[in-house]
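For reference, the structure is listed below as structure tokens.
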Amino acid sequence: IFTGGFMAYSVQEIDLSRIYLDNDNPRHDPIQNESEIINHLIAKEGVKALARHIAEAGSMSPLERIAVIAHPKVKGAYIAAEGNRRVCAIKLLADPDKADSEANKKYFRTLAAGMADRPSRLEAVVFENMRSARPWISLRHEGEQGGIGTKAWNAQQKARFNAQGNNSQNPNIQASLLMDYAREQGLLNLEQIDALSITTLTRYLSNPVFRDMLGLTD
């Protein structure tokens with residue numbers, strides 16, 4: 001159990017059957033029935049794609065945990081305070097009949113059939129109540145907040161990350177490499193480089209006449 005800083009929390013493994021979806025989640029207006037929550041998340045929140053990724057990877061992202069709070073009415077049960085989409089996807093992989101149509105049931109059955117082991121327990125951060133979970137949820141979902149929240153990569157940072165991989169697909173990679181070269185060779189200073197738009201540079205570099213004028217080869 002961690003008791004420093006904000007309110008106390010603990011990390012536990014919890015049976016999936018004991019975790020309920022949040023009917024008062026910011027992603028939708030209040031919904032009382034869990035099956036209707038599932039229908040909404042399938043239709044509006046990309047749960048099918050998320051379930052496919054989980055099925056192909058064999059697990060949820062190891063870099064992220066779900067958060068839960070004690071259910072106010074059901075003894076020994078919890079409500080998903082953070083990770084409603086992920087919990088929904090896992091529930092559908094565990095029981096495809098929870099889907100809203102025969103086509104979707106078939107979709108989740110196919111995904112589940114390809115999994116070596118469907119999760120029945122989830123590692124979760126357990127908070128006493130939503131009040132104690134809110135500061136951490138805010139850090140994840142409410143932007144940079146002056147540097148304490150999650151800071152998204154800009155286009156050049158994404159391009160650098162993709163350039164490090166084996167299957168580089170980001171269209172801005174060549175522009176990022178050119179900007180790095182300009183900085184390393186002293187052709188532009190940092191202020192000038194920061195003022196550049198990597199997506200605009202990418203549009204120029206997509207023109208073969210422009211690339212040939214600069215003597216660039218891909």
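We're numbering straight along the sequence, starting at 1.
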Working for side chain to side chain donor-acceptor pair (under 3.5 Å), residues S206 and R203: CA-CA 5 Å; S206 66; R203 286 198 295 274; over 6 Å; no
side-chain hydrogen bond (donor to acceptor under 3.5 Å, both in side chains) partner of E82, the single match among H141, R134, R65: H141
Taking every non-hydrogen atom, the tightest pair across [X] and [Y]:
X: N23; Y: I37; answer: CA-CD1, 3.5 Å
X: Q145; Y: S138; answer: NE2-O, 2.9 Å
X: A124; Y: I14; answer: CB-CD1, 4.1 Å
X: L16; Y: A94; answer: CD2-CB, 3.8 Å
X: V68; Y: A80; answer: CG1-CA, 4.2 Å
X: R118; Y: P96; answer: NH1-CD, 4.4 Å

Let me confirm one number: the [atom1]-[atom2] distance from [X] to [Y], rounded to the nearest 0.5 Å.
X: L50; Y: I54; atom1: CG; atom2: CD1; value: 4.0 Å
X: I31; Y: H40; atom1: CD1; atom2: NE2; value: 5.5 Å
X: E13; Y: E123; atom1: CD; atom2: CD; value: 6.5 Å

For the residue pair [Y] / [X], report whether a side-chain donor-acceptor contact shorter than 3.5 Å exists.
X: D15; Y: S17; answer: no
X: E45; Y: H28; answer: no
X: S132; Y: E128; answer: no
X: N172; Y: K158; answer: no

Ring geometry between W136 and Y9 (parallel below 30°, tilted from 30 to 60°, perpendicular above 60°): perpendicular
Same cluster or not: [X] versus [Y], using hydrophobic residues (I, L, V, M, F, W, Y) connected whenever any side-chain heavy atoms lie under 4.5 Å apart?
X: I19; Y: I38; value: yes
X: M60; Y: L111; value: yes
X: Y78; Y: V74; value: no
X: V125; Y: I79; value: yes

Side chain of [X], backbone of [Y]: donor and acceptor closer than 3.5 Å?
X: Q12; Y: V126; answer: no
X: Q192; Y: N189; answer: yes
X: T150; Y: L139; answer: yes

Within the supplied structure, the quantity of interest is the number of heavy atoms (other residues, nucleotides, ligands) at a distance under 6.0 Å from [X] [atom1]; does it exceed 12?
X: H53; atom1: NE2; answer: no
X: R109; atom1: CZ; answer: yes
X: Y204; atom1: OH; answer: no
X: K105; atom1: NZ; answer: yes

Stepwise salt bridge (charged side-chain N to carboxylate O under 4.0 Å, His left out) check, E64 with R140: CA-CA 10 Å; E64 298 178 330; R140 175 166 165 76; 2.9 Å; yes
Close side-chain approach of L188 to L196, heavy-atom, < 4.5 Å: yes
Criterion salt bridge (charged side-chain N to carboxylate O under 4.0 Å, His left out) on K106 and E102, from CA distance to verdict: CA-CA 6 Å; K106 182 179 179 181; E102 284 304 318; over 6 Å; no
